[in-house]
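Here is the structure we will look at, set down as C-alpha cells.
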Amino acid sequence: MVSINPFADLKRQCRDALRDAILKIYSGRTPSDIPLNIPPDFRFGQLTSSICFELSKDIKTKPLEIAEKISEGIMDELHRYNLIERVKAEGSGYINFYANFKELSALAINSARRLDDEYGYVKTNEPKIIIVEHTSVNPVHPIHIGQARNSVLGDSIARILTARGHKVSRHYYIDDVGRQSALIAYGYEKLGRPKPEGKPDHFIGMIYSITSCLVEIRRLKKEIERKEALADSEELNRLRKNLDEWISVAAELESKYPEKFNHLLKVLSEGDVDPEHEIAELNQKYEAGDREAKELIREVCKICLEGFKETLGRASIFFDSWDWESDFIWSGDVKRCIENLKRKAYVYEKDGALEFDGEKVAQELGLKEKLGLREDYEIPSLTLVRADGTTLYTTRDIAYSIWKFSIADKVINVVGMEQTLAQLQLKLALYALGHVNEASNLVHFAYNLVNLPGHRMSSRRGRYVTFDEVMDEAARRAYNEVSKRSPAMPEEEKRSVSEAVGIGAVKYALIETDPIKPVVFTWDRVINFEKNSAPYIQYSHARACSIIRKAQIEVGEDTDYSLLKERLEHELVMMIARFPEVFIDSADNLKPNAIADYTLSLADKFNGFYARYPVIKADSSALSRARLGLVDAVRIVLRNSLNLLGIEALERM
RNA sequence: GGACCCGUGGCCUAGUCUGGAUAGGGCAUCGGCCUCCUAAGCCGAGGGUCGGGGGUUCGAAUCCCCCCGGGUCCGCCA
C-alpha cells in the first residue's frame, strides 16, 4: 500500500468513524463540521476531537458522557478502520484516537520510500501557470542581506509551488529606468566607462555611491546658498546637518576608493557641469529611446547583473526570465496603459502631472471590503507621469503586470512590505482597466526588512552588509568547523561541504522567521550552526545517510514495522505521515517558514531517536530492518524538505 | 494626524487565519553523557501576568472593543 498522504488517510478514517457514530447514536444530528486536531501530547493519541463540547449544548448532557458514548460506538465499528487502534473519551470530554501503528508505520514508511523524491509533494487539482517575481534589486549596487531575504523567500516559494504541480516561472524585473540608473550611468560615463575591477556589481556599487554622494553634496550646497538668501534658519540647520552627514560619507568613500573618488570629484567640480540636470536629461533620453542613452545605461546594468548572477548562482537561485523595465516603455505598452486609464476617467491632471485616482476606482467598483480596506480609508492618488513627461515606477509596473498576465494565470510579487500601498494601487489600476480576474490573481507577498542593529540598511549611504560577504563569512566559519570535526576529509570535499553548510545556514536564517516580522541582522543570527539551524538539519540528514551507508541491508516492503514500539519511533512515523499535509498548507498559503519549522522538528525528533536507539546493532535483525526503513523514510523527508527551501541535503559533513 | 503590521521567560522565536487538555523550540545559565550507527549531537534543571484592561465562550496567546509600546506607509523615490 502506498499513500500520497498517510496522515490524511488517518484523519479521514477518524472523521468517518465520528460521523457515523454520531448519526447512529444521536439520529438526526449531522454535524456539518467535525473538528479534528493533533492533541497537545502524544499520550492523548494522534488525533482528537472536541466535538462533544459542541454537542453538549444541544443534547444537554455532559461532554464527557457524550464522548464516552461515541467512543464506545466507534469501538464497535473499529474493524472498518484499519488505521485506528482504539478510541477513548478523556479529559473533560475529548474523543482521542490512537493510531494503529502496525498499519500506519508501514503505510507511512513504504509510501515515503516508494514515492522517494516525490513523497510529500502532493499535486494540486488546479495546476496554474504562475509567475513568481522576486529579488528585482536595482542594478546599481550589490545585493544586500535584506534584499537576500527576498531572493531566498521568492526562490523557496517558487520551489514549493513547482512541487505542488504548478507551472512556475521565476522572473527578475530589471529596474533600469529612473533616476538611480541614470545616476550610476552618468558617473560611469564621467569616469570614461572603466573596465570593472573586481566583482562587477561591487564595482558598479562603488561608482554609484561616490557619484550619488558627490551629487547630493553639490545639491545641498546649492540649496543652502538659496536658503541663506531667504534667511530661513530652521531649514538651514536641517540642510547643514544633512550636508555634514554626507561629507562624512564622502570622507569614508575617499579613503576606501581614493583613485575613483578623486577622479569623479575632479570631473564633477568643473564649473560648467550640472549633474542634476544631466542626470534628469539622461533619464528622459533613455525613456525616449535615444540610441546613445540606451547603449550607455544597458551597458552599466549588464555589468551589474553579471555580478548578481554570480551571487545568486552561488546561492542556487536562478531565473527563467530577465525582464527589462525599459522594454515596456519602448514597446508603447506603458503609453497604451496610460491612455486606457485616461479613457476610463480614473486619472486627472495636477500641476502638470498625471494622477491615478485609486480611491475613485475602489468606490465605483465597490472594492474596499474585498481588498480588506476600511470604508473610511481614503486611498492616496498615484502619480503616473511627471510634469517632464517621464513615468514612475508603479506606472511601468502596471504595463509589466498586464504583460505577465498575458503569459500566466497568477502572479506573485515578492516585494517588501514598505511597498504595500504601491502594490495596492497597482492592483486597483488593473481593476480600473477591466482586468478584474488578473487583479484578483495578483498577489503581493510582503516581507519585512532586515535591519542593522540601531538603524535600517541604506544603499544610498552605503550602510549595508552584502549577501556576498555574508556568504563568504558563513563558508569561512563552516570551513573551520568542518576541519575541526572531519580532519580526514579530502580538501575538495571540505570546501564543498562548508560552502553548502554556510550558505544553508544563511538561507535558513532568512526563511525561518515569519516574513512579516522584521529581522535584526547580527552575524551570529544569520550564521548559526547550532540547534536551530540548517546545519543541524543537514547534520541529521548526514547521520541518516551514514547509518544507511554502513548498514548495507536491503529493506523490503514486507518489513515488519510493528516492531517499532518506542514512543519516539511512533512520533517519527507520525511526522513522516504528516509531511504531505504540512507541504500542502505551506504551498497553498505561501508559508515557506512552515516547511522550515517542520523540518527542524523532524530533525530534532530524529536526533533524539538516534541517541537512544541503535539501528544497525538493534536487538534483532528484524528490528534492525524496521528501524532502517524508518531512518530511510526520515532521510527522504529531510531531503525533500530541504529541497523546498533550496538548501543542499549533504550526505556527509 | 490617519491607515496597516507587530508585541509570547534575560535575548530570539513557533502557535493566532481555523478557539480546546499542563503555551512548543532555540540562545544564554547550571548539571550530566563519546569502549556502541558522525558530540554541528543527546539527557536533565531553573526561568512565562502570552504588552495592559474589558468583553464573547463550557473553554481565549488565538475572536471583538479600548488603551500602551514599537515598526512601516501616507513622494512628480523605488
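Throughout, protein chains are lettered first and strands after them, A, B, ... in sequence-line order, and every chain is numbered starting at 1.
Between K62(A) and C58(B), a side-chain N or O to OP1/OP2 separation shorter than 4.0 Å is absent. Between R456(A) and C73(B) there is a side-chain polar atom (N or O) within less than 4.0 angstrom of OP1 or OP2. At A14(B), one or more side-chain N or O atoms of K517(A) fall inside 4.0 Å of OP1 or OP2 (strictly under the cut-off). The side chain of T383(A) places an N or O atom within less than 4.0 Å of a non-bridging phosphate oxygen (OP1 or OP2) of C76(B). The shortest distance between the side-chain N/O atoms of R179(A) and the OP1/OP2 oxygens of C76(B) is not below 4.0 Å.
The distance between the ring centers of F579(A) and Y598(A) falls below 6.0 angstrom.
Spacing between A45(B) and C50(B) at atom P, rounded to whole Å, works out to 23 Å. Atom name C1', nucleotides G59(B) and G19(B): the rounded distance is 8 Å, in whole Å.
RNA chain B lies under 4.0 Å from at least one heavy atom of each of the following residues of residues 523-537 of chain A: R525(A), F529(A), E530(A), K531(A), N532(A), Y536(A). Residues of residues 501-510 of chain A having a heavy atom closer than 4.0 Å to RNA chain B, listed by number: V501(A).
Across all strands, K57(A) comes closer than 4.0 Å to base atoms (heavy-atom distances). Residue Y539(A) is classed as a base contact, given a heavy-atom separation below 4.0 Å to a base. Base contact: N96(A) has a heavy atom under 4.0 Å from a base atom. Contacts of Y598(A) with the nucleic acid, taken as non-hydrogen atoms under 4.0 Å apart, are absent. Residue contacts for Q180(A): at a heavy-atom cut-off of 4.0 Å it reaches no nucleic acid atom on any strand shown. Using a 4.0 Å heavy-atom distance criterion, R396(A) is classed as a sugar-phosphate-only contact. D514(A) comes within 4.0 angstrom of the backbone, heavy atoms only, and of no base. Using a 4.0 Å heavy-atom distance criterion, P380(A) is classed as a sugar-phosphate-only contact.
Stacking here means ring centres nearer than 5.5 Å and ring planes tilted less than 30 degrees, and by that measure F44(A) stacks onto A21(B). A21(B) has Y94(A) stacked on its base ring, the centres lying under 5.5 angstrom apart and the planes within 30 degrees of parallel.
Following rounding to the nearest Å, Y610(A) (OH) and C34(B) (P) show an atom-to-atom distance of 15 Å. For the pair L421(A) CG and C74(B) C1', the interatomic distance rounds to 7 Å; values are reported in whole Å. Atom NE2 of H541(A) and atom P of G41(B) are 17 Å apart (whole Å). Atom C1' of nucleotide C76(B) and atom CZ of F356(A) are separated by 17 Å, given to the nearest angstrom.
The partner of G41(B) is C33(B), judged by Watson-Crick or G-U wobble contacts that both fall below 3.5 Å. Across all strands shown, G46(B) forms no Watson-Crick or G-U wobble pair with both distances under 3.5 Å.
At least one test fails for R149(A) against the ring of Y447(A): distance under 6.0 Å to the centre or angle within 45° of the axis.
Candidate nucleotides A39(B), U72(B), C36(B) were compared by shortest atom distance to the side chain of R543(A), and A39(B) ranks first.
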